[in-house]
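Quick note on labels: first sequence line is chain A, next is B, and so on, each numbered from 1. As the structure is a prediction and not an experimental result, all values here were calculated from the model.
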There are 2 protein chains.
Amino acid sequence: MERSKAQPYHHGQLREALVTSGRALLEEKGIRGFTLRECARRAGVSHAAPAYHFASIDDLLSELAARGFDELAVAMTTEANRAEGGAAGGLIGQGVGYMAFAAGNPALFQLMFSREANRLESAALTTTAEKVRALHAAAIEGVIPHASGEIKQRMTDFAGASVHGFISLLLDGQIGGKDSSRALKARGLSLLSAMAETVVRAGG
Amino acid sequence: MERSKAQPYHHGQLREALVTSGRALLEEKGIRGFTLRECARRAGVSHAAPAYHFASIDDLLSELAARGFDELAVAMTTEANRAEGGAAGGLIGQGVGYMAFAAGNPALFQLMFSREANRLESAALTTTAEKVRALHAAAIEGVIPHASGEIKQRMTDFAGASVHGFISLLLDGQIGGKDSSRALKARGLSLLSAMAETVVRAGG
DNA sequence: GCTCAATCTTGACGATGGAAAGAGGCAGAA
DNA sequence: TTCTGCCTCTTTCCATCGTCAAGATTGAGC
């Protein structure tokens, strides 16, 4: 078969190329429209080529989800550091970073927090997901360092659930159907401030 | 082909049978493992039989999701009516019903609030989903009838997001990995009471 | 009892994930 | 340098999927 220089027999960076094309495909077609063969096509290789780099389609999805959690952690940390207003401001900033990542990568976000991802049971996936949870718990700890363990857990649950729930409902179309992007951001920020206020008050 | 009395040529209740087998299959295999042919197999008909009752696999999924929202509304109403403690107690009860439905039908719940469901654009689906949102808004209205519209919306977002977020994270394995079922219920109730407290306080 | 439309079966098509077998190319040993 | 072995990729094949088209079956209404 004829083969140009741009398409040598050995790709060289196929794993990375598959991750890149896979991520784009995921956002385009959603989880149910995601196919391994289309990933391979976009990477310019045959449909069986991915097999060497990823044992199965779930293995590739697992990698995408794990990298998503890494990026999510970065987004949370970046926004938290940029925020003003001390520990409570940092908590709000974390929420902003969380929502911004989800809004920018809706299909990936859904994959990361889907039941299917949970079944993947990849070590990298559980590790990176745990890092995100640790970041969140640390932010709560910073706001109410002297509260009891029970209250800390309750506020961790509460804060995490409200941020995650809000952006999830928004991306699923259950919230703000006809609102403008600007109005939705305002609603998000309003929710974040109410959340932070609740946490602060719980600290005594 | 030989055909027993129990398997006549015309099924008679095929639509309902497909909904039933489909729902069971969904919980067993998850969204990605859901196939139309397996639904047909379990209903005892050929693989092409469903076509007459459902235009496509998405059409069947849409029906499942719509019925899920109906059941969710019933679960919320039932628990809210059973609850004591006035309007605030009713709000908590609604949350209990919401979480109980989700815990009892995790895959269906995920389907109902998935991006794919959003793409289905079925009229029945949007209607039943809207009913659930209206129930929730009414419960908030009952707790803080004299608050401003802005505060009502903020608390509707906040309450809905925290309940939805908590049970979603729980079902996805992001919360309470090794906790007992009893401990998780306690965490859920703790979150619900914190949620109700925040709403009540927001009312002035 | 006949007709006909609704319902179901059979068979086919293109697409998918995965396995098996072979071809190509690089790196280290001779 | 040449050869050898292994990693990578292609080709081919299989079972399964959703969907369509065509034929078989049945019950309801004339």
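Looking at heavy-atom distances under 4.0 Å, A:Ser46 makes contact with a base. Using a 4.0 Å heavy-atom criterion, one finds that B:Arg32 contacts no nucleic acid atom at all.
Side-chain proximity of A:Arg37 to the nucleotides C:dA20, C:dT9, C:dT16 is greatest for C:dT16. Checked against D:dC17, D:dT11, D:dC20, the side chain of B:His47 finds its nearest nucleotide in D:dC20. Considering only the side chain of A:Ile57, C:dG17 comes nearest among C:dT9, C:dC8, C:dG17.
For the pair B:Arg41 and D:dT16, the criterion of a side-chain N or O lying under 4.0 Å from OP1 or OP2 is not met. OP1 or OP2 of D:dC9 has at least one side-chain nitrogen or oxygen of A:His53 nearer than 4.0 Å.
Annotation for B:Arg41: atom CZ counts as buried by contact number, over 12 foreign heavy atoms lying within 6.0 Å.
For the pair A:Asp58 CG and C:dT16 C1', the computed distance is 14 Å after rounding to whole Å. Here C:dT16 presents its C1' atom at 16 Å from CG of B:Leu36, a figure rounded to the nearest Å. As a whole-Å value, the separation of A:Leu14 CG from D:dT10 C1' is 12 Å. When the C1' atom of D:dC17 is taken as reference, atom NZ of B:Lys29 falls 13 Å away, rounded to whole Å. Computed from coordinates, the B:Phe34 CZ to C:dT16 P distance equals 21 Å when rounded to whole Å. When rounded to the nearest whole Å, the span between CG of A:Asp59 and P of C:dG17 equals 14 Å. Between the CZ atom of A:Arg15 and the C1' atom of D:dC7 there is a distance of 15 Å, rounded to whole Å.
If you run side chain to side chain contact (heavy atoms under 4.5 Å, CB included) between B:Val199 and each of B:Ile151, B:Ile144, B:Thr156, only B:Ile144 comes through.
Side-chain atoms of A:Ser62 and A:Ser122 include a donor-acceptor pair closer than 3.5 Å.
Aromatic ring orientation, A:Phe113 versus A:Tyr98: tilted (interplanar angle from 30° to 60°).
Looking only at distances, a side-chain donor or acceptor of A:Ser21 sits under 3.5 Å from a matching main-chain atom of A:Cys39.
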